[in-house]
Amino acid sequence: MAKDPVRVLVTGAAGQIGYALVPMIARGVMLGPDQPVILHMLDIPPAAESLNGVKMELVDAAFPLLKGVVATTDVVEACTGVNIAVMVGGFPRKEGMERKDVMSKNVSIYKSQASALEKHAAANCKVLVVANPANTNALILKEFAPSIPEKNISCLTRLDHNRALGQISERLGVQVSEVKNVIIWGNHSSTQYPDVNHATVTTPAGDKSVRELVADDAWLNGEFITTVQQRGAAIIKARKLSSALSAASAACDHIRDWVLGTPQGTWVSMGVYSDGSYNVPAGLIYSFPVTCANGEWTIVQGLPIDEISRKKLDLTGEELSEEKALAYSCLS
């Protein structure tokens, strides 16, 4: 029997990531090859013409799963009835801007979008924040949409997770699908901690530890971490534009695993509301290893954390606490 369409909101839909993301959603990459979708695309009034151009292209692509397109600059129309919201729109940091200025702009954007989602989205709407500072934007959204359960608000660290998988795959000359259970801890920023201490590679002789196979702790504790932390900057340097294709693909991975579940024995990284697990301060949106089943994520518990890792978990947590304080100061 045909499934009912799922309404998926993409904000900032006329931008680079949005342009890469909407065809992936329409093709079934996010929700599966048998799940019809209705796309809701929101952007700011100066981008209205460009947004209409994206809508024209979606019509021209004749995607069988795409059952409708709403393209609008009105936040209420965009949020009405949506089951999944991917928040790509935000205010980017420009040269000469202080962090507080950027935070202040994003606080006002996320405050208004939060109230529109709260009033108009479908019950049990799942929200993924992509726009930076992603963790803190998600926290602001949670603050101003109190009736959306905290378990339904997340931010994207799957891009960093996938970058870590890619680096290990390249280093070992193995398929990326054979590498699993890396972890991104903390903030989607250069303080994030890409952790391979629990990661494995599937080999003909069974699962082997990444640390054992790489056999180069200096690389794993040094260049590997900084490469993943600074990959976004490296792509900007190479393309003169920020990551779009990889960010859109990671957003699809994040939602797909959240809705359809993670494979047995595999975890992924998601920025979620901290409950104090691993001694991370409660009340932050912090990236943890999670498994997903029945549309809900659960933090993987009981992983041993060594002394080096502990310091890195604390450092990225401190940055998130500072960001939270800065964002809240913009509210007063």
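The residues of the chain are indexed from 1 along the displayed sequence.
With sequence neighbours left out, the salt bridge (charged side-chain N to carboxylate O under 4.0 Å, His left out) criterion links Asp101 to no other residue. The side chain to side chain contact (heavy atoms under 4.5 Å, CB included) check on Val176 picks up Leu165, Ser169, with sequence neighbours excluded. Every residue meeting the side chain to side chain contact (heavy atoms under 4.5 Å, CB included) condition with Ala13, not counting sequence neighbours, appears here in chain and number order: Val10, Met41, Leu51. For Thr291, the side chain to side chain contact (heavy atoms under 4.5 Å, CB included) partners at least two apart in sequence or on another chain are Thr262, Trp267, Thr298, Val300. Evaluation of the side chain to side chain contact (heavy atoms under 4.5 Å, CB included) rule for Thr191 yields Asn187, Ser189, Thr316, Glu319 as partners, not counting sequence neighbours.
Environment of CG in Asp306: crowded, with over 12 heavy atoms of neighbouring residues, nucleotides or ligands closer than 6.0 Å. Atom NZ of Lys240 has more than 12 heavy atoms from other residues, nucleotides or ligands within 6.0 Å. No more than 12 heavy atoms of other residues, nucleotides or ligands shown are found within 6.0 angstrom of CD on Gln264. The 12-atom threshold is exceeded at NZ of Lys151, counting heavy atoms of other residues, nucleotides or ligands nearer than 6.0 Å. When the shell of 6.0 Å around CG of Asn221 is examined, it contains more than 12 heavy atoms from other residues, nucleotides or ligands.
Under a 4.0 Å N-O distance rule, the pair Asp207/Lys180 qualifies as a salt bridge.
To the nearest 0.5 Å, atoms CZ (Arg211) and CD1 (Ile168) are separated by 9.0 Å. Distance check, rounded to the nearest 0.5 Å: CD1 of Ile299 to OG of Ser274 gives 6.5 Å. The distance from the CG atom of Leu241 to the CD1 atom of Ile236 is 8.5 Å, given to the nearest 0.5 Å. Once rounded to the nearest 0.5 Å, the distance linking CG of Leu9 with CD1 of Ile38 reads 13.0 Å. Atom SG of Cys155 is separated from atom CD1 of Ile285 by 6.5 Å, given to the nearest 0.5 angstrom. Expressed to the nearest 0.5 Å, how far CZ of Phe144 lies from NZ of Lys111 amounts to 4.5 Å.
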Going by atom type alone, with no hydrogens or angles, which donor-acceptor pairs under 3.5 Å involve a side-chain atom of residues 16-31 and a protein atom two or more places apart or on another chain?
| unit_1 | atom_1 | unit_2 | atom_2 | d |
| --- | --- | --- | --- | --- |
| Gln16 | OE1 | Arg239 | NH1 | 3.4 |
| Gln16 | NE2 | Ser242 | O | 3.2 |
| Tyr19 | OH | Glu57 | OE1 | 3.4 |
| Tyr19 | OH | Glu57 | OE2 | 2.8 |

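Of all heavy-atom pairs spanning Ser154 and His254, the tightest one is OG-NE2, 2.9 Å. Closest approach of Gly89 and Thr11 over heavy atoms only: N-OG1, 2.9 Å. When every heavy atom of Ala247 is checked against every heavy atom of Leu156, the shortest pair comes out as O-CD2, 4.0 Å. Taking every heavy atom of both residues into account, His40 and Ala78 meet most closely at ND1-O, 2.9 Å. Across all their heavy atoms, Ile140 and Ala327 have their closest contact at CD1-CB, 3.8 Å. Taking both residues in full, the closest heavy atoms of Ala205 and Lys208 are given as CB-CE, 4.2 Å, listed atom of the first, atom of the second, then distance.
With contacts defined as side-chain heavy-atom distances shorter than 4.5 Å, the pair Val6/Gln35 qualifies. The closest side-chain heavy-atom distance from Gln192 to Ser287 is not below 4.5 Å. Between Arg171 and Phe224, every side-chain heavy-atom pair lies at or beyond the 4.5 Å cut-off. Under the 4.5 Å side-chain criterion, counting only non-hydrogen atoms from C-beta, Leu117 is in contact with Val127. Between Ile184 and Tyr193 the shortest side-chain heavy-atom distance does not fall below 4.5 Å. When side chains are defined from C-beta on, Pro289 does not count as touching Gln301, because their heavy atoms never get closer than 4.5 Å. Counting heavy atoms from C-beta on, the side chains of His198 and Val210 never come closer than 4.5 Å. At a threshold of 4.5 Å between non-hydrogen side-chain atoms, the residues Ile84 and Cys125 do not count as touching.
Sequence neighbours left out, not one pair with a member in residues 59-86 passes salt bridge (Lys or Arg N to Asp or Glu O under 4.0 Å). Pairs of residues two or more places apart, or lying in two chains, never qualify as ring-ring contact (aromatic ring centres under 6.0 Å, His included) while including a residue from residues 86-130. Residue pairs meeting the side-chain hydrogen bond (donor to acceptor under 3.5 Å, both in side chains) criterion with at least one partner in residues 223-232, sequence neighbours excluded, do not occur; the list is empty. Listed by first and then second residue, the side-chain hydrogen bond (donor to acceptor under 3.5 Å, both in side chains) pairs that reach into residues 132-143 are Thr136-Glu323, Glu143-Tyr328, sequence neighbours excluded. Sorted by first and then second residue, the pairs that involve residues 241-258 and meet salt bridge (Lys or Arg N to Asp or Glu O under 4.0 Å), not counting sequence neighbours, are Arg158-Asp257, Asp253-Arg256. The list of salt bridge (Lys or Arg N to Asp or Glu O under 4.0 Å) pairs with a residue in residues 28-54, not counting sequence neighbours, reads Lys3-Asp34.
No side-chain donor-acceptor contact under 3.5 Å links Tyr278 to the backbone of Ile305. Looking at Ser249, its side chain never comes within 3.5 Å of a backbone N or O of Leu245 through a donor-acceptor pair. With hydrogens and angles disregarded, no donor-acceptor distance shorter than 3.5 Å links the side chain of Thr157 to the backbone of Asp160. Checking side-chain atoms of Asn52 against main-chain N and O of Ala48 turns up no donor-acceptor pair under 3.5 Å. A side-chain donor-acceptor contact under 3.5 Å links Thr203 to the backbone of Gly206. In terms of modelled atom types and a separation under 3.5 Å, the side chain of Ser246 and the main chain of Ser243 share no donor-acceptor contact. A donor-acceptor pair under 3.5 Å links the side-chain atoms of Lys324 to the main chain of Gly283, judged by distance alone. Although no hydrogens or angles enter the test, the distance criterion places a donor-acceptor pair under 3.5 Å between the side chain of Asn181 and the main chain of Gly265.
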Just do the salt bridge (Lys or Arg N to Asp or Glu O under 4.0 Å) check on Asp314 and Lys311 with the steps written out, would you?
CA-CA 5 Å; Asp314 292 345; Lys311 286 183 177 149; over 6 Å; no
Working note: Met87 + Val130, criterion side-chain contact (heavy atoms from CB on, under 4.5 Å); need CA distance, chi angles, decisive distance, verdict.
CA-CA 6 Å; Met87 317 301 282; Val130 176; over 6 Å; no
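By the criterion of side-chain heavy atoms lying less than 4.5 angstrom apart, applied directly or through intervening Ile, Leu, Val, Met, Phe, Trp or Tyr residues, Ile225 is grouped together with Val179 in one hydrophobic cluster.
Of the residues listed (Leu284, Leu139, Ile153), the one engaging Tyr273 in a side-chain contact (heavy atoms from CB on, under 4.5 Å) is Leu139, and it is the only one.
Both tests hold for Lys126 against Trp258: distance to the six-membered ring centre under 6.0 Å, angle to the ring axis within 45°.
Ring orientation note: the planes of Phe288 and Tyr286 are tilted relative to one another, at an angle of 30° to 60°.
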